[in-house]
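One structure below.
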Amino acid sequence: MAAFACLLLLGLAALFGAGELLSSPARRQIGAAPSDFPASSVTIATAAAPVQGWMARGTPGAGAVLLLHGVRGNRLQMLGRARFLSRLGYGVLLIDQQAHGESAGERISFGVREADGVRAALAFLKREQPGERIGVIGMSLGAAALVLSKPGRAIDALVIEAMYPTIEEAIGNRLRLYLGSAGGRLAPLLLWQVPLRLDLTLDQLRPIDAVGALACPTLVVGGEFDRHTSELETRRIYAAVPEPKQLWIVAGAAHTDFHGFEKHEYETRIGQFMEAHLRSESIPGKTR
């Protein structure tokens, strides 16, 4: 009996530690952009704390793209995408989201408070690149932050990559991945920590409920073998997104960097998508 009680306490302590790890900041120094990516360092004010990033200007009329990294990442995670978009003439803004990289923040909030930085970044792009159409590529947490920011008509094209539909599914999937079938039964022990650590309700962490308000062409991307956000979950998100929309299930991919995994096809698909919706000459009746 004592041994069982000890194991139970150890298990609870491990789950509490997991909750701490999931929401703790992922800060690190980034510094200036690399020499092969000619971008300027920028600081973008928000209501809470400044967001740090890099910005590279593009060809006038080509459009501009905001890049949003995944959980516990930073702007370096999106550098490959930034380089290819910059080569095509797009302006590019990469930011470290709240509590990531060089941006301040006490906790990772899985998209809710990160949405403030997304809104500020979009407003910054509007000011710095007036008249340009704006696209966004959001990876995992970045996609959730964009969707939860409720951008309305502030953006003209969106790529959602490997976004979780609800926090319940996100945590359940991860526990099953690491602990097997029993892991799903432990999910409530992590979920009850969310309001305590983040002062948020679980209902605030349901990006799938917010995608119906999107008002721009959207490309939904998921991995065929993703066990963090399953193909079925990606298809549910796609079903909830308004038209016009496209779906790309990346063959053979897990929860990974799709650009790194399938570089040629990624650049072809995303390049065509952005060209169709951002470049002024590609849009019938669009004048400046």
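The model shown is predicted, which means the values in this text are computed figures rather than measured ones. Quick note: residue numbers are just sequence positions, from 1.
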Where the side chain of [X] meets the backbone of [Y], is there a donor-acceptor pair that is under 3.5 Å apart?
X	Y	answer
His100	Arg72	yes
Gln246	Val220	no
Gln77	Gly70	yes
Tyr164	Phe110	yes
Thr46	Ala48	yes
Thr59	Ala62	no
Asn173	His228	yes
His69	Gly142	no
Glu233	Ser230	yes
Lys245	Val241	yes

Is any side-chain heavy atom of [X] less than 4.5 Å from a side-chain heavy atom of [Y]?
X	Y	value
Val250	Trp248	yes
Leu146	Pro151	yes
Pro34	Leu79	yes

Please tabulate, one pair per line, all N/O donor-acceptor pairs under 3.5 Å involving side-chain atoms of residues 84-95, not counting sequence neighbours.
{"residue": "Tyr90", "atom": "OH", "partner": "Glu275", "partner atom": "N", "Å": "3.1"}
{"residue": "Tyr90", "atom": "OH", "partner": "Arg279", "partner atom": "NE", "Å": "3.4"}

Heavy-atom pair of closest approach, residues [X] and [Y]:
X	Y	result
Ala115	Ala145	CB-O, 3.5 Å
Pro38	Ala56	O-CB, 3.7 Å
Leu198	Ser23	CD2-CB, 4.1 Å
Trp54	Ala32	CZ2-O, 3.5 Å
Val211	Ala240	CG2-CB, 3.5 Å
Pro165	Thr229	CD-CG2, 4.3 Å

If two hydrophobic side chains count as joined below 4.5 Å and joins carry through other members, does [X] share a cluster with [Y]?
X	Y	result
Ile167	Leu148	yes
Leu202	Val112	yes
Leu214	Leu141	no
Met139	Phe273	yes
Val65	Val42	no

| side-chain contact (heavy atoms from CB on, under 4.5 Å) between Leu191 and Glu168: does it pass, once the steps are laid out? | CA-CA 7 Å; Leu191 290 167; Glu168 291 93 339; 3.8 Å; yes
| task | Could you name each residue pair satisfying salt bridge (charged side-chain N to carboxylate O under 4.0 Å, His left out) that touches residues 74-86, not counting sequence neighbours? | result |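 For residues 74-86, and leaving out neighbouring residues, the salt bridge (charged side-chain N to carboxylate O under 4.0 Å, His left out) pairs sorted by first residue read Asp36-Arg83, Arg75-Asp96, Arg75-Glu102, Arg81-Glu161, Arg81-Asp257.
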| query | Which pairs pass salt bridge (charged side-chain N to carboxylate O under 4.0 Å, His left out) with one or both residues in residues 221-231, sequence neighbours excluded? | reply |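 Every pair satisfying salt bridge (charged side-chain N to carboxylate O under 4.0 Å, His left out) with a residue in residues 221-231: Glu231-Arg235.
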Nearest-0.5 Å distance that lies between atom [atom1] in [X] and atom [atom2] in [Y]:
X	Y	atom1	atom2	result
Tyr266	Phe261	OH	CZ	14.0 Å
Ile44	Leu122	CD1	CG	9.0 Å
Ser109	Asp199	OG	CG	11.0 Å
Glu106	Arg113	CD	CZ	9.0 Å
Ile155	Cys216	CD1	SG	4.0 Å
Arg176	Ile171	CZ	CD1	11.0 Å

| message | Could you walk me through whether Gln52 and Ser103 satisfy the side-chain hydrogen bond (donor to acceptor under 3.5 Å, both in side chains) test, starting with their C-alpha distance in whole Å, then the side-chain angles of each, then the deciding distance to 0.1 Å, before giving a yes or no? | response | CA-CA 5 Å; Gln52 307 297 328; Ser103 294; 5.8 Å; no
| query | Can a salt bridge be assigned to the pair Glu114 and Arg107 using a cut-off of 4.0 Å between side-chain N and carboxylate O? | reply | no
| request: Decide yes or no on side-chain contact (heavy atoms from CB on, under 4.5 Å) for Val136 and Val159, but give the supporting numbers first. | output: CA-CA 6 Å; Val136 181; Val159 179; over 6 Å; no
| message | Please determine whether side-chain hydrogen bond (donor to acceptor under 3.5 Å, both in side chains) holds for the pair Thr268 and Glu265, giving the CA-CA distance in whole Å, both sets of side-chain angles, and the decisive distance to 0.1 Å. | response | CA-CA 5 Å; Thr268 299; Glu265 186 173 4; over 6 Å; no
| salt bridge (Lys or Arg N to Asp or Glu O under 4.0 Å) involving Asp209 - partner list, sequence neighbours excluded | Arg206
| field | Set of salt bridge (Lys or Arg N to Asp or Glu O under 4.0 Å) partners for Arg119, sequence neighbours left out | value |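 Once residues adjacent in sequence are excluded, the partners of Arg119 under the salt bridge (Lys or Arg N to Asp or Glu O under 4.0 Å) criterion are Asp116.
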| task | Go through Met163 and Ser140 one step at a time and tell me if the side-chain contact (heavy atoms from CB on, under 4.5 Å) criterion holds. | result | CA-CA 4 Å; Met163 183 181 76; Ser140 190; over 6 Å; no
| query | Which of these passes side chain to side chain contact (heavy atoms under 4.5 Å, CB included) with Leu219: Ile137, Ile270, Leu247? | reply |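 Single side chain to side chain contact (heavy atoms under 4.5 Å, CB included) partner of Leu219 among Ile137, Ile270, Leu247: Ile270.
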| task | Taking side-chain hydrogen bond (donor to acceptor under 3.5 Å, both in side chains) as the test, write out the residues that go with Glu128, two or more places apart. | result |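 Counting only residues at least two positions away or on another chain, Glu128 forms a side-chain hydrogen bond (donor to acceptor under 3.5 Å, both in side chains) with Arg57.
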| Within 6.0 Å of NZ in Lys150, more than 12 heavy atoms from elsewhere |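 No, because the 6.0 Å sphere around NZ of Lys150 holds 12 heavy atoms or fewer from other groups.
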| message | For a side-chain contact (heavy atoms from CB on, under 4.5 Å) check, start with the C-alpha distance between Ile30 and Asn74, then their side-chain angles and the critical distance, and finish with the verdict. | response | CA-CA 9 Å; Ile30 306 295; Asn74 55 64; 3.7 Å; yes
